[in-house]
Engineer: 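Please see the structure below; I have some questions.
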Amino acid sequence: MPLQIKPVGTFVLALIIVGFVSPLLGQQKGQWVPGQFGLNAGTIPDPGITYANLALNYSASQLNGPNGNSVPGINGTYSFWVDENIFYYVPEHKFLGGYFMPYIALTYANGELVANITGTNLSTGGGGSGFADMYVQPLNLGWHLKQADVNVGYAFTAPTGRFTQGASNNVGSGYWGNNITSGTTFYITKNKGTSANLATDWEIHGQKSGTNITPGQAFTMEWGLGQVLPLKKDMSRLLQLGLVGYDQWQVSHSTGTLIVSVMPPISILESKIPFYSVHAIGVQSNFILPAKDLAFFFKYYDEYRALARVQGRTFVFGGSWTFRIPKPQPANP
């Protein structure tokens with residue numbers, strides 16, 4: 001049986017950005033936080049119920065303008081922690097030649113932003129904690145091909161996280177989202193130990209509660225090149241190492257009017273705010289116990305370029321376990 005490693009699910013969190021004197025701080029970010037996938041992006045769990053936990057930390061101290069350079073005169077810190085609890089179900093029987101794999105992600109988030117304007121006494125801050133928006137993927141199909149594993153799906157983001165327009169402690173986005181996703185793992189070698197991976201997400205957003213703003217669409221791709229190394233000759237313990245990265249772009253204008261909370265208030269057309277993008281590269285390691293359907297992972301990303309948004313770094317770690325249904329039969333002696 002080919003090696004299967006459980007994928008990490010998707011977390012959605014509206015970035016806690018507080019509008020201030022710079023329109024860049026009021027940019028309407030998408031709901032997909034990069035760093036979800038890397039190695040084994042196309043694989044699906046074995047039939048049964050899988051639980052995965054993913055903890056993600058993002059931190060940044062640099063705000064970039066639309067040309068990718070740091071915005072002078074603005075300094076501070078922006079960070080958040082999230083803990084994702086992801087539940088997958090894979091029936092034993094195939095559908096359209098593949099396996100059906102719906103899943104749901106329940107997330108707790110904690111974030112903080114502190115910004116200061118050099119040469120003035122102006123500063124702003126925000127932060128909050130609580131259960132964030134819920135991500136549901138009701139349609140997801142995966143196929144095991146000869147030299148690749150592939151999955152495609154549709155998901156939606158439900159704005160279940162706390163959100164009040166103008167509040168500084170929001171942990172939800174305040175709007176519905178729709179996601180078209182895909183994942184591919186191509187096995188470069190016959191033993192499937194070396195792989196190239198790509199996950200994509202196209203997100204389409206609804207109108208933000210309490211405003212006339214509809215955030216622009218965004219596209220994210222996450223990639224990885226990995227190699228499996230056996231830690232025991234019987235392949236009962238495996239180490240997987242690889243190079244990973246992510247790229248995210250805003251692909252359509254936001255609509256509506258942003259009200260910046262200064263005295264007097266400033267109105268800014270969302271369509272005039274520059275598109276954001278970000279690019280990162282990093283490393284991933286997985287420790288896998290195939291017979292126990294257990295895996296643990298760690299990832300680190302450094303953002304080497306960002307336009308019209310903050311630029312920082314991402315840490316991700318966690319694990320997954322599958323309760324097989326039906327249980328595998330013991331091998332004959």
Side-chain angles (χ1 to χ4, degrees), residues 1-12 35-56 83-107 134-155 179 181-187 192-193 195 197-201 222 224 226 228 235-240 242 244 284-299 316-330:
M1 184 178 69
L3 171 66
Q4 296 178 10
I5 302 171
K6 314 306 179 292
V8 175
T10 305
F11 163 68
V12 284
Q36 304 298 318
F37 291 92
L39 304 180
N40 313 305
T43 63
I44 64 172
D46 291 322
I49 298 173
T50 297
Y51 168 72
N53 182 267
L54 181 150
L56 184 150
D83 185 73
E84 305 176 27
N85 296 279
I86 308 146
F87 299 88
Y88 305 85
Y89 173 61
V90 179
E92 179 185 9
H93 301 290
K94 291 185 177 181
F95 178 72
L96 296 178
Y99 287 94
F100 183 52
M101 189 192 73
Y103 67 91
I104 184 172
L106 306 175
T107 303
M134 182 170 62
Y135 181 89
V136 181
Q137 186 137 25
L139 300 175
N140 198 27
L141 280 174
W143 294 267
H144 299 300
L145 308 179
K146 185 176 180 180
Q147 282 298 120
D149 286 331
V150 178
N151 63 71
V152 294
Y154 161 77
N179 300 72
T181 67
S182 73
T184 302
T185 295
F186 175 74
Y187 299 105
K192 300 189 176 183
S195 65
N197 304 268
L198 179 67
T200 66
D201 172 82
E222 306 195 21
V228 174
M235 305 292 284
S236 62
R237 294 182 183 179
L238 305 173
L239 177 67
Q240 187 179 31
V244 293
Q284 178 173 352
S285 63
N286 297 329
F287 176 65
I288 308 147
L289 301 173
K292 297 182 181 296
D293 285 296
L294 188 63
F296 301 94
F297 57 87
F298 172 83
K299 295 186 284 184
V316 188
F317 58 90
S320 67
W321 174 75
T322 296
F323 178 72
R324 295 281 295 276
I325 303 174
K327 291 185 178 181
Q329 298 297 317

Engineer: Using modelled atom types only, decide if a donor and an acceptor are shared between the side chain of Q284 and the backbone of G224 within a distance under 3.5 Å.
Structural biologist: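 It does not hold such a pair.
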
Engineer: Just one of T50, I86, V90, I44 clears the side-chain contact (heavy atoms from CB on, under 4.5 Å) bar with Y103, so which one?
Structural biologist: I86

Engineer: Determine whether a donor-acceptor pair (N or O, by modelled atom type, separation under 3.5 Å) exists between the side chain of Q147 and the backbone of Y187.
Structural biologist: yes

Engineer: Distance check, rounded to the nearest 0.5 Å: T184 atom OG1 versus N151 atom CG?
Structural biologist: 7.5 Å

Engineer: Determine whether a donor-acceptor pair (N or O, by modelled atom type, separation under 3.5 Å) exists between the side chain of T185 and the backbone of A41.
Structural biologist: yes

Engineer: Look up atom CG in L238 and atom CZ in F287, then write down how far apart they are to the nearest 0.5 Å.
Structural biologist: 8.5 Å

Engineer: If you compare all heavy atoms of L294 against all heavy atoms of W321, which two are closest, and at what distance to 0.1 Å?
Structural biologist: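 The answer is CD1-CB, 3.9 Å.
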
Engineer: Counting only N and O atoms by type, is there a donor-acceptor contact under 3.5 Å from the side chain of E92 to the main-chain atoms of P47?
Structural biologist: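 Checking the backbone N and O of P47 against the side chain of E92, no donor-acceptor pair under 3.5 Å is found.
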
Engineer: Is a donor on one side and an acceptor on the other found under 3.5 Å between the side chain of D201 and the backbone of T181?
Structural biologist: no

Engineer: Passes side chain to side chain contact (heavy atoms under 4.5 Å, CB included), N197 versus F37? Steps please.
Structural biologist: CA-CA 9 Å; N197 304 268; F37 291 92; over 6 Å; no

Engineer: Set out, in order, the CA-CA distance, both residues' side-chain angles and the distance that settles side chain to side chain contact (heavy atoms under 4.5 Å, CB included) for M134 and I104, then state yes or no.
Structural biologist: CA-CA 8 Å; M134 182 170 62; I104 184 172; 3.6 Å; yes

Engineer: Taking side-chain contact (heavy atoms from CB on, under 4.5 Å) as the definition, give me every residue that meets it alongside K94, ordered by chain and number, with sequence neighbours left out.
Structural biologist: Y99

Engineer: Measure across P290 and S236 and return the closest heavy-atom pair with its distance rounded to 0.1 Å.
Structural biologist: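 Distance-wise, the nearest heavy atoms are CD-O, 3.4 Å.
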
Engineer: Name all residues meeting the side-chain hydrogen bond (donor to acceptor under 3.5 Å, both in side chains) criterion together with T200; count only those two or more places apart in sequence or in a different chain, and write none if there are none.
Structural biologist: S182

Engineer: Ignoring hydrogens and angles, tell me if any N or O in the side chain of W143 forms a donor-acceptor pair with the backbone of L96 under 3.5 Å.
Structural biologist: yes

Engineer: For a side chain to side chain contact (heavy atoms under 4.5 Å, CB included) check, start with the C-alpha distance between Y135 and N179, then their side-chain angles and the critical distance, and finish with the verdict.
Structural biologist: CA-CA 10 Å; Y135 181 89; N179 300 72; 4.0 Å; yes

Engineer: Tell me every residue that passes side-chain contact (heavy atoms from CB on, under 4.5 Å) with Y51, counting only those two or more places apart in sequence or in another chain.
Structural biologist: N53, N85, F87

Engineer: Could you grab the distance from atom CG of D83 to atom CG of L56, nearest 0.5 Å is fine?
Structural biologist: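 Here the interatomic distance stands at 10.0 Å.
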
Engineer: Ignoring hydrogens and angles, tell me if any N or O in the side chain of E222 forms a donor-acceptor pair with the backbone of Q36 under 3.5 Å.
Structural biologist: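 Here the side-chain-to-backbone pair exists.
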
Engineer: Between L289 and R237, does the side chain to side chain contact (heavy atoms under 4.5 Å, CB included) criterion hold? Intermediate values first, please.
Structural biologist: CA-CA 5 Å; L289 301 173; R237 294 182 183 179; 3.6 Å; yes

Engineer: For residues L145 and K192, report the shortest heavy-atom separation together with the two atoms involved.
Structural biologist: O-NZ, 4.1 Å

Engineer: To the nearest 0.5 Å, what is the distance between CZ (F296) and CZ (F317)?
Structural biologist: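 Reported value, rounded in 0.5 Å steps: 12.5 Å.
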
Engineer: Quick one: closest heavy-atom pair of G35 and V316, and the distance?
Structural biologist: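 Scanning both residues, the minimum pair turns out to be O-CG2, 3.7 Å.
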
